[in-house]
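Notes follow the structure.
Here is the naming used below: chain letters follow the sequence lines, and residue numbers restart at 1 for every chain.
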There are 2 protein chains.
Amino acid sequence: MTGNSRFAVSVHILAYLAYRHGAAVPSAEIAGSVSTHPVVIRRLLSSLLKARLVNAQKGATGGFSLASAPQNISLLDIYRAVEPDPKHGLRTFTPNPKCPVGAKIETIIHGVFFKAQASMEAELARVTLAAIDQELHSVCPGKK
Amino acid sequence: MTGNSRFAVSVHILAYLAYRHGAAVPSAEIAGSVSTHPVVIRRLLSSLLKARLVNAQKGATGGFSLASAPQNISLLDIYRAVEPDPKHGLRTFTPNPKCPVGAKIETIIHGVFFKAQASMEAELARVTLAAIDQELHSVCPGKK
DNA sequence: CCTTTTTGTAACTAAAATGGTTACTAAATT
DNA sequence: AATTTAGTAACCATTTTAGTTACAAAAAGG
């Protein structure tokens, strides 16, 4: 979907904050759960902070916490916060404008990609952090 | 959506073949429309050939042509041919299995990504090469 | 006031992905 | 035989990505 792991790690981060239930959680603790470097976590939290999804508190007893209740945070919110520009693989796609096909294909492909992206985002909008948290607390992954 | 331009260029290639209406089109001609190197085109056509979406013919009057009618080729066919493994940004995502969250989050995220991917692919399945070709032949891009 | 803890960021590195290019072989046409 | 083209391997430059080091700023608590 995205190629990088920013979105997946961000979901993990926020799921962890939901799991810790409002406590101020330092980046080092989150990094322990994700198995990565604390700076990687703080970099993503910097984006999530700008999107107002989390609060940050400096100092000895500081750390990060959710800015809203888990039911009010959707995976689309997270996706948009850390995956800003969907350039849709059109990064190096600059067809020949002198060719009848090349002149029009970019606009056409843009339209198709836009719809596909919208469809995917609609699916992400359907899932809240509360739903993720609930799955986390289910006793057995196979249980209904 | 994908990060790279393989899918976009592949759609362009097949749209061009549809536009050329069954003729054997050499990679150099397609490269002229896409504005890239013929080898880039042939590399993608190699994947499209394996997926049986095109025919190839060597020699002086050779080139590539569509293997099926444009109505029978969907953008999902193309997507699957050139974008084989949707590893969903989980490439370097290996959370800590000792942590209650880390142990379960990967499976949960996998489920979400699978649904989002399916939703996007359903949208691609809806669009055929014939529809792209029709858009190419519309007189004005804004015309209904 | 001083020490400790933590956020916030810049800077650097290694690895991987990506697209372009050269070069060469095989096959088909004339 | 000469020409044209597919097919593919190999290589290079650029960009992206994640990890790391380093350090300033801020907050807490004695």
Side-chain angles (χ1 to χ4, degrees), chain A residues 1-10 12-13 17 20 23-32 34-51 54-65 67 82-96, chain B residues 1-10 12-13 17 20 23-32 34-51 54-65 67 82-96:
Chain A
M1 193 150 41
T2 40
N4 61 49
S5 62
R6 278 194 291 270
F7 178 50
V9 173
S10 297
H12 186 155
I13 290 172
L17 292 183
R20 293 290 266 97
V25 184
S27 60
E29 180 180 336
I30 305 174
V34 176
S35 282
T36 185
H37 200 283
V39 170
V40 174
I41 300 299
R42 289 206 292 274
R43 260 199 302 237
L44 288 169
L45 278 163
S46 178
S47 297
L48 298 169
L49 199 60
K50 277 171 196 152
V54 298
N55 297 316
Q57 180 65 35
K58 285 184 180 177
T61 60
F64 298 89
S65 56
V82 299
E83 212 76 43
D85 50 342
K87 50 200 165 210
H88 295 125
L90 301 174
R91 209 177 358 130
T92 60
F93 184 61
T94 49
N96 183 357
Chain B
M1 193 149 45
T2 41
N4 61 50
S5 62
R6 279 195 290 271
F7 179 50
V9 173
S10 297
H12 186 156
I13 290 172
L17 293 184
R20 293 289 269 98
V25 185
S27 60
E29 181 180 336
I30 305 174
V34 176
S35 283
T36 185
H37 200 283
V39 171
V40 174
I41 301 298
R42 290 206 292 274
R43 261 199 302 238
L44 288 170
L45 277 162
S46 178
S47 297
L48 298 169
L49 199 60
K50 277 172 195 151
V54 298
N55 297 315
Q57 179 65 35
K58 286 184 179 177
T61 60
F64 298 89
S65 56
V82 299
E83 212 75 42
D85 49 342
K87 50 201 164 207
H88 295 124
L90 301 174
R91 207 178 359 127
T92 60
F93 185 61
T94 50
N96 183 356

Just by protein heavy atoms under 4.0 Å, how would nucleotides 20-28 of chain D read 5' to 3' in B, S and -? BBB---SBS
Mind checking the CD1-CD1 spacing from A:Ile13 to A:Ile41? Nearest 0.5 Å is all I need. 4.0 Å
Partners meeting side chain to side chain contact (heavy atoms under 4.5 Å, CB included) with B:Ala24 (sequence neighbours left out): none
Whole Å only: how far is the NZ atom of A:Lys50 from the P atom of C:dG8? 10 Å
Taking CD from B:Glu29 and P from D:dA6, how many angstroms apart are they, rounded to a whole number? 10 Å
What pairs with A:Ser47 under side chain to side chain contact (heavy atoms under 4.5 Å, CB included), at least two apart in sequence or on another chain? A:Val82
Using a 4.0 Å heavy-atom cut-off across all strands, classify A:Leu49 as base, sugar-phosphate, or nothing. sugar-phosphate
Could I get the full list of side chain to side chain contact (heavy atoms under 4.5 Å, CB included) partners for B:Pro26, not counting sequence neighbours? B:Glu29
A:Ser10: what forms a side-chain hydrogen bond (donor to acceptor under 3.5 Å, both in side chains) with it, not counting sequence neighbours? none
Whole-Å distance between D:dT4 P and B:Ile30 CD1? 18 Å
Expressed in angstrom and rounded to an integer, what is the separation of B:Phe93 atom CZ from D:dA18 atom C1'? 14 Å
Considering just the side-chain nitrogens and oxygens of B:Asn4, establish if one lies under 4.0 Å of OP1 or OP2 belonging to C:dT18. yes
Over its full length, what angle do the end axes of the helix from C:dC1-D:dG30 to C:dT30-D:dA1 make, each axis taken from five pairs and the result rounded to 10 degrees? 10°
Rounded to whole Å, please give me the gap between CG in A:Leu90 and C1' in C:dG19. 15 Å
Taking only N and O in the side chain of B:Ser46, is any of them less than 4.0 Å away from OP1 or OP2 of D:dA6? no
